[in-house]
Every structure is written in C-alpha cells, then in structure tokens.
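For reference, the structure discussed in these notes is given below.
Protein chains get the first letters and strands the later ones, always in sequence-line order, with residue 1 at the start of each. Because the structure is a prediction, the values reported are computed rather than measured.
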Amino acid sequence: MIFTQVIVNSIIRASELTLLSLGLTMVYDILKFANFAHTEFAVVGAYLAFFLSVTLGLPTVPAAVIAAVATGFLAILIDKAVFKRMRNSAGIVIMVTSMGVGIALRNTVRAIWGADSRSYTLALERPIVTQWFRITSLQVWIIVVGAAAMILFHLLLHYTRLGKAMRASSDNPELAQASGIATETIVTYVWFIAITFASLGGTLIAMETYIVPYMGFAIIIPVFCATIMGGIGNPYGAMLGALVLGFAENLGLYFNFEKIFNLGGLLPFSRDLFIPTGYKPAISFVILIFVLLIRPRGILGKEKEG
Amino acid sequence: MGFINFLIYLAIMMGIFAILSVSLNLQYGFTGLANFGQVAFFCLGAYATTIVTLTFNMSFFLGIVASMFLAGLFGYIMAIPTSDLREDYWAIVTLAAAEIVRIFFLNENWVVGGGPYRGGAYGVGDIPQPFRSHFSPQAYPFFYLGIVLVCLLLTYLIVNRLTNSPFGRVLKSIREGNDNLAQAMGKDVKKFRIKAMSIGGIFGGLAGCLYAHYYGFISPEQFVPLETFIVWAMVIVGGEGNNKGAILGSVIIIIFDSSTRYLKDYVPIKQDTLASLRMVAIGVLIVIVMLFMKEGLIKEKKRIY
C-alpha cells in the first residue's frame, strides 16, 4: 500500500470516529457521566437505516437520515425514562446504569435482526482511482459528513443561542439556570444532536463494512479513546482525538518497526517488523494509556476541574 | 439422575461466579473502582492453569497458584498507570485492557503449546480435571462442587476479614470520593487502589482456574466483555458493598439465566432470540435496580462510629 493511501484511509477513519466522539463528549459535558450506551445507539441507528433501506427499499440517504432522527428521539425517550431520574446521582452510578441501557439496546437489536452479520445492498461501483489513492464514493460521503458535522458543531456552539446556553450549562448549571436557561431543554437538545451524529456515524461504518449487533463493542474502545485523548467534555478535543487515532491506527499497521529495533541498521538484525493486523484494536488502547500517563486529562483537557 | 446433575452444574456455576462477584464487589462495592474488565482476571486465570497443567503437565495446585498469581499481577500492573484516574477513565481503561488480554489469546496460539486447530480462536480442550481418577463419573461432580465451595468459603472469609478491617475502612473512604479524608489520615490512596485491584485479581484468577478445570475447554469466545457485565449484574442486584449480597446476586442471576434457557420448550421462540431477550432482561434489571433500589437486595451495613 502506498503512503498516500494510508493518509486517505486515516482521514476516512477519523471522520467516522468524529461523528461518534463528538456526541459522547457533548453528553459528558452537560451531564457529567461517561455514556457507555453511546455506541449502542449507533448500532440501533445503523439497523434502523438497514431496515428502511434494505427491507422497505428507501433510497440510502433518506433512510440514513430518518434512522438518525428516529434514534435521536429514542435517546430523548430513554433520557426521560431513565437518566432524568438520576440527574443528582454520582457520575459512576449513572455510568453503570448506562451500561445496563447499552446491554438492553444491543440485545433488543439482536433479538429483532439476529446475531448474524448483514450488509446493505449498496450498488456496486468502481472506486475512484488516482495515481496516489483509490476511494469509493461512500468513503467520500463519510469524509464529507464528518467534516460537515465538525463545522456544524462549531457554528452551533458559538453562533446560536442554543450553543451559548449549552456552554453556559456546562460551565455552571446552577448559574445557567438562575440566568433563565432551561437546563432540561438543553439536555434534551444535547441528547438529540449527540445521538443523531452517533447514528449517522454507526450507519456509515456499517455501510463501509457490515453490520452486526456486537458492532457497539468493536467501536466503543476507539471512540472512548478518541474522546478521552482530546480531553473528555471538550468538543475540539474529540475532533483532534479522532484525527490522531485515525492516523495512529492506520500508520501503526503501515509502519515497519525494523529500523527502531536495530537502531537504524546498527544492530545485526534485519527482519520486517509490522504490528500484526489482529492487534489493530490494541493500538488505540496503548495510545490511550500513554496519553493518560503524560496528560491525565487528555491533550486539550483542563488541568483542574472548577 | 439427570436433574441432580443439572443442579450440581448450577451450584458449581453459582460458586465460580460468586467468587468473581465477591472479587468485583471488593473493587466496585467497597473501593468504588468501576472495573469494566473483570473478565480479564477470569480469562488469565483460566489460561494460566491450562498452561501449567496441560502444557507443562504439572499439578492442579500449581495451576491454582499460577492463576491467582498471574491475575493478581495483572490487576497490579493495570492499576499502576490508572490509579489516579477518574472513575470514567478507569472504566474504559479496564474494559480495553480486558479486550487486549482476549485479543492476545486470540492471536497467540503458541502460549498453549500451539498445534493445528489448537489455541487461538479454536480454543483449548482436554484440560485435566483434578483427582479425576479417584472418583466414579457419578461422584466426581459432587467432589468438584466441594472444591468450588471450599474456594468460595475461603474467598468470602478472606475478603470479609479484609473489608471489616481498618484496610476496608480506608477503601470505603476512597469510594465515598473522600481522597482528602484518607490522605489526611496518612493513607496513600493510590496504594490502596492498587491493593484492591491486585486482591480482586487474585480471586478473579481463582474463579477462572476453577472454570477451566470444570469445563475442560476454554476459548477467547468465553471471555467477551458481556461476561464482565453479567458479573456486574450480580453485584448490583445482590447489593454493592456487601459480600453476602454479591453471593446472593450470583445465585439469582445464574438461576434466572438457566431457568429461562428452558423456556424454549414452552414458548415458540427461537433459542437465539430467547438468548437475546434474556440479556435484554438483565440489562433492564440493572437499570431498574440502579433506579429504584440502589442498595440491592442485601444492604450494606453502614456503621457509625
């Protein structure tokens, strides 16, 4: 594989991760708990999109959008039924509860669609081939949606009333409430936006590969890793984390570690040393540990909490 | 006879999972460490004893020692870089660490001696059952149940002793988010977290060892994150911060899990769908207990001094 292709693959991966890590960090920012059901919502969205496009025969784009909106409403519903009752509980208690919600969601999906993997019946098409890389039109879509999500999110946060209210409730919920910001309304919007992004991310990942009920577990570690690396609760950190991780995963497998082990040819040792593909999921974890050792609150994380 | 064998099987599973949940309870219920990678201890214990008794053909007791040592060491190593992290970071780091352990055994078949269709995703079979030749096939399950119960009893007594000691009180002060209090008393919070994880690991490894010798076959498939969450359900339902609660929780979840397995004879639902619905119920159960009876079935005895 040539190097430019590795870069393109990294950008694709980063775009997928951004869609998921942005939502995770948003919910954390407002509600102060790590939502372990986050990636399960992405799986629910991917299956809904699958149902709409494959079973009902809708075109792919409206199917993905409707599925994302529906999953967003589902998140609001679950928030009203479960998380709303726990607003004053400790973060660890809500986190454990979200894990229970995640188990229930994943297995509901599995009960309905079965445990086998399925794929969307996307029209087969020739990838765009250039001198430096090849890319499918779906992958172009992934990059476009990822970039659009980042820009939209930035605009939302800084140029809308909702965004300002969100930042205010994140900094100091009591003060925000005292200033007339309806914190509960903000929470509802945050869930909707976060899970809509997650659902789109899940759908795109599933379209690029395949869809299984256990997809949530396959992506939870890279998504959390990207979010934490940038500093959990910080949206720009989540974007940066996704980018770093996207490159790390792809470069890690591309890079030949031979030169490191024989010190650039000094030692009489010459053997190709690549990270085995089976260990790809481990890369994100190792990076996470290193980042946490050096900066326990992430790259862009605040040094101390207020 | 079939029914009695089934009851023995249930009791053995309850015993093994009770050890696991007492171990998790020490970490979460008493110390407030959200270990989402409990299955790593279970997995390491199972593989350690398999390597010792099968690959090196050594005794069952060495297998137990190796399991407990390896899993305890893993808990220690895992706790060093993470011991000053916040609980949410802790949760994801432990979840990831457990996945790395599983991925390691999935990719490296040489650790169990290698060979065609052996190790890695194929798993390892023919794990010897201790003292098998001294018993008739009918009597052996009773004997193994005895081993499991003795191990559970020892685990319970040791952990109970620990949690009722000054050591346990420091753990509880850490759980209450009161690092400052513990520090003011001259306790190094970091060291106590590492100790809680190591001890949790030792007993988690013991459970893994007992599991491997009982089943006789292990593969990375058996150590997916789902297992961790089943143990979590046991601790939460039984009552966090209470060792009896952890044991009761494992009894309840195992009964629930096994009784619904036989529903397929009575309701026209496919087995796989039923398995999914069972897990939906466990997820909902965790949510309901967390919402409405946070302390679980057996409440923690909180003493006021």
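Against chain A, the residues from residues 25-39 of chain B that qualify, each with a non-hydrogen atom under 4.5 angstrom away, are B:Y28, B:G32, B:A34, B:F36 in number order. Among the residues in residues 233-241 of chain B, those with a non-hydrogen atom closer than 4.5 angstrom to a non-hydrogen atom of chain A are B:I236.
If you tally non-hydrogen atom pairs under 4.5 Å between each of A:I221, A:L105, A:I112 and chain B, the highest count goes to A:I221. Contacts with chain A were tallied for B:L285, B:N107, B:L106; B:N107 has the most, counting heavy-atom pairs under 4.5 Å. Chain B forms more heavy-atom pairs under 4.5 Å with one residue of A:A111, A:A282, A:P276 than with any other, namely A:A111. Heavy-atom pairs under 4.5 Å with chain B were tallied for A:F33, A:Y279, A:F217; the largest tally goes to A:Y279.
Residue B:W232 touches chain A through its side chain alone, counting heavy-atom pairs closer than 4.5 Å. Both the backbone and the side chain of B:I92 come within less than 4.5 Å of a heavy atom of chain A. Interface residue A:A81: only backbone heavy atoms are found under 4.5 Å from chain B. Looking at A:I220, both its backbone and its side chain come within 4.5 Å of chain B, counting heavy atoms on both sides. Both the backbone and the side chain of B:A97 come within contact range of chain A, with heavy atoms under 4.5 Å apart.
Under the side-chain hydrogen bond (donor to acceptor under 3.5 Å, both in side chains) criterion, the residue pairs touching residues 103-114 of chain A are A:E40-A:R106, A:R110-A:Y214, A:R110-B:D272, with sequence neighbours excluded.
Counting non-hydrogen atoms of other residues, nucleotides and ligands closer than 6.0 Å to NZ of A:K84 gives a total of 12 or fewer. Counted within 6.0 Å of OH on B:Y76, heavy atoms from surrounding residues, nucleotides or ligands total 12 or fewer; the atom is thus considered open.
Note that CD1 of B:I100 is 7.0 Å distant from OG of A:S284, once rounded to the nearest 0.5 Å. A:F224 CZ to B:L95 CG: the interatomic distance, rounded to the nearest 0.5 Å, is 8.5 Å.
Residues meeting the side chain to side chain contact (heavy atoms under 4.5 Å, CB included) test with A:R85, sequence neighbours left out: B:L291, B:F292.
When all heavy atoms of B:V280 and A:A104 are compared, the pair lying nearest together is CG2-O, 3.7 Å. Across all their heavy atoms, A:M86 and B:M290 have their closest contact at CE-O, 3.9 Å. Counting all heavy atoms, side chain and backbone alike, A:I103 lies closest to B:M279 at CG2-O, 3.5 Å.
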